[in-house]
Amino acid sequence: MPQASSHISSKRVLSAAPETLPTSLPLHTAVLIGRFQPLHNGHMALLHAALERARQVVVVLGSAWQAPSPKNPFSWQERAQMLRASLSKEQADRVHCVPVRDYYNEPLWVHAVRDAVGALVPEGASVALVGHFKDASSSYLARFPGWELISLPRLGQFDATPLREIYLGEGGSSPQAMEAALAKLADQIPESTLAFLRRWAHTPLYARMQKEWQMLQAYKEAWSKAPYAPVFVTVDALLRCHARGQDQVLLIQRGHAPGLGLWALPGGFLEQRDSLWQSCVRELREETCATVSEADLLAALQAVQVFDHPDRSLRGRTITHVHYLDLGMQPSLPPVQGADDAAQARWVPVADLAQMEGEFFEDHFQILCQFLPITLANTDSPAQRVA
């Protein structure tokens with residue numbers, strides 16, 4: 001995957017030196033939160049408004065460290081690159097980009113944003129959140145009491161979703177098709193972003209994201225004539241075992257889109273005549289060939305937890321029931337083998353999970369974090385700030 005260009009600094013800045021900041025501006029820090037997938041002119045209008053009102057701007061890059069998907073194809077480093085390439089040097093010197101992951105838990109996410117911004121702002125300095133209320137997804141703007149809210153009118157009809165649809169849906173069949181797609185985007189995104197998208201279209205990841213996008217479009221089309229938007233019910237099995245001196249968890253690697261090649265919990269859709277438990281056991285056996293008896297699985301059941309964040313799946317509203325099963329200490333790990341929808345199945349040490357965060361499907365890494373002692377490897381550390 002292309003990374004941010006080498007001219008982007010990664011040092012931590014607690015607060016910019018006073019002599020380097022415009023002293024005539026009333027605000028010390030303006031905060032702009034977004035995914036910028038990709039950066040468009042609406043984002044740029046908000047960014048310029050923030051620069052006009054504050055001595056420095058902290059841009060919070062959401063959905064960091066996720067596996068690429070048609071909704072979030074670009075890494076946080078690439079998005080930082082897009083932002084900085086669109087600014088003059090004087091402007092870029094006043095902008096700091098910080099990555100924040102999706103927690104699928106608003107209080108945790110708000111706390112992470114506050115921590116990331118707070119590390120760049122001296123105590124007592126004035127902070128304002130800059131944005132506009134586009135739709136229900138903008139409700140986060142009201143979650144930061146103590147920060148002034150600068151709510152701006154929507155500046156044009158800019159929206160990243162249709163831009164991605166053009167880029168992924170129309171651009172991949174030929175070089176001519178790509179240029180035609182980019183021409184449609186030209187008046188909606190900065191020239192530097194257009195150049196980035198042209199380069200990115202030649203990477204293997206573009207072809208993969210295009211196939212994922214096509215699959216998801218077909219999936220949604222199949223349900224388009226339903227009388228109301230469908231709600232899918234799924235089950236997942238989080239099977240844990242301590243053997244060979246290590247705490248381990250059973251994962252599968254997905255064998256098809258969406259999420260081809262990504263790691264996930266064994267699971268699937270609830271069958272019409274199954275209970276949640278029956279579906280969980282069936283999916284576990286079908287995808288991993290695990291021979292643990294149902295009685296032993298039932299004895300290992302510790303909890304069933306529902307994960308129902310509206311944005312957890314690109315396929316549509318999907319509510320999953322995670323069955324947490326702990327086999328405890330065993331002389332050896334139960335043998336497993338990938339089958340059915342799984343390209344492979346394997347036991348993974350819990351200690352290795354943090355380094356795999358960017359390889360997980362949907363919110364499965366965050367699900368694991370709910371049950372297992374995982375110390376996050378990708379934290380908002382000095383090496384991960386872009387100043």
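- Between Asp341 and Glu287, the shortest heavy-atom distance links the atoms CB-OE2, 3.6 Å.
- The shortest side-chain heavy-atom distance between Leu368 and Leu265 falls under the 4.5 Å cut-off.
- No side-chain donor from either of Glu271 and Ser279 sits under 3.5 Å from a side-chain acceptor of the other.
- By the criterion of side-chain heavy atoms lying less than 4.5 angstrom apart, applied directly or through intervening Ile, Leu, Val, Met, Phe, Trp or Tyr residues, Ile33 is grouped together with Val121 in one hydrophobic cluster.
- Each of Tyr104, Trp109, Tyr103 was compared with His309 under the ring pair (Phe, Tyr, Trp, His ring centres under 6.0 Å) criterion, and only Tyr104 meets it.
- Among all heavy-atom pairs drawn from Ser63 and Asp102, the shortest one is OG-OD2, 2.7 Å.
- Hydrophobic clustering (side-chain heavy atoms under 4.5 Å, transitive across Ile, Leu, Val, Met, Phe, Trp, Tyr) keeps Phe269 apart from Trp277.
- Residues Phe371 and Val249 fail the side-chain proximity criterion, which asks for heavy atoms closer than 4.5 Å.
- In this structure, the separation between CD on Gln81 and OG on Ser192 is 9.0 Å, given to the nearest 0.5 Å.
- Pro258 is listed as a side-chain neighbour of Arg315, based on a closest heavy-atom distance under 4.5 Å.
- Arg312 places no side-chain N or O within donor-acceptor distance of the main-chain N or O of Glu362, the cut-off being under 3.5 Å.
- Ring geometry, His364 versus Phe361: the interplanar angle exceeds 60°, so the pair is classed perpendicular (tilted spans 30 to 60°).
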Verdict with supporting geometry, Leu39 and Arg79, side-chain contact (heavy atoms from CB on, under 4.5 Å): CA-CA 7 Å; Leu39 177 71; Arg79 289 176 279 153; over 6 Å; no
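- The hydrophobic cluster containing Leu216 does not contain Trp213, counting ILVMFWY residues as joined when their side-chain heavy atoms lie under 4.5 angstrom apart, directly or transitively.
- Listed here is the closest heavy atom pair of Gln188 and Lys184: NE2-O, 3.4 Å.
- When the side-chain hydrogen bond (donor to acceptor under 3.5 Å, both in side chains) test is applied to Asn105, no partner is found at least two apart in sequence or on another chain.
- In the hydrophobic cluster analysis, where Ile, Leu, Val, Met, Phe, Trp and Tyr join through side-chain heavy atoms closer than 4.5 angstrom, Val95 is grouped together with Leu152.
- Looking at Trp347 and Pro334, their side chains come closer than 4.5 Å, going by heavy atoms from C-beta outward.
- Under the 4.5 Å side-chain criterion, counting only non-hydrogen atoms from C-beta, Pro26 is not in contact with Arg53.
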Stepwise salt bridge (Lys or Arg N to Asp or Glu O under 4.0 Å) test for Arg208 and Glu212: CA-CA 6 Å; Arg208 193 176 112 202; Glu212 292 254 330; 5.3 Å; no
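- Residues His48 and Gln91 have side chains in contact (heavy-atom distance under 4.5 Å, counting atoms from C-beta outward).
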Step-by-step side-chain contact (heavy atoms from CB on, under 4.5 Å) determination, Phe360 to Gln66: CA-CA 7 Å; Phe360 273 96; Gln66 285 193 348; over 6 Å; no
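- The distance between the ring centers of Trp200 and Phe74 falls below 6.0 angstrom.
- Contact of the Met209 side chain with the Pro68 side chain is registered, since non-hydrogen atoms from C-beta on lie closer than 4.5 Å.
- At least one side-chain heavy atom of His28 sits less than 4.5 Å from a side-chain heavy atom of Gln56.
- In this structure, His40 and Gly42 approach most closely via the heavy-atom pair ND1-N, 3.0 Å.
- Pro373 and Val350 make their closest contact through O-CG1, 4.1 Å (heavy atoms, listed as atom of the first residue, atom of the second, distance).
- To the nearest 0.5 Å, atom CD of residue Gln37 and atom CG of residue Asn72 are 4.5 Å apart.
- Summarising the geometry, atom CZ belonging to Arg101 is positioned 6.5 Å from atom CD belonging to Gln366; distances are rounded to the nearest 0.5 Å.
- Within the model, atoms CG of Leu262 and CG of Leu251 stand 12.0 Å from one another, a figure rounded to the nearest 0.5 Å.
- Taken together through direct or relayed side-chain contacts under 4.5 Å among Ile, Leu, Val, Met, Phe, Trp and Tyr, Ile252 and Leu250 form parts of separate hydrophobic clusters.
- Put simply, CG on Leu129 and OG1 on Thr29 are 12.0 Å apart, with the number rounded to the nearest 0.5 Å.
- The distance from the CD1 atom of Ile367 to the CG atom of Leu372 is 11.0 Å, given to the nearest 0.5 Å.
- Taking the six-membered ring for Trp and thresholds of 30 and 60 degrees, Trp223 and Phe232 have ring planes more than 60 degrees apart, a perpendicular arrangement.
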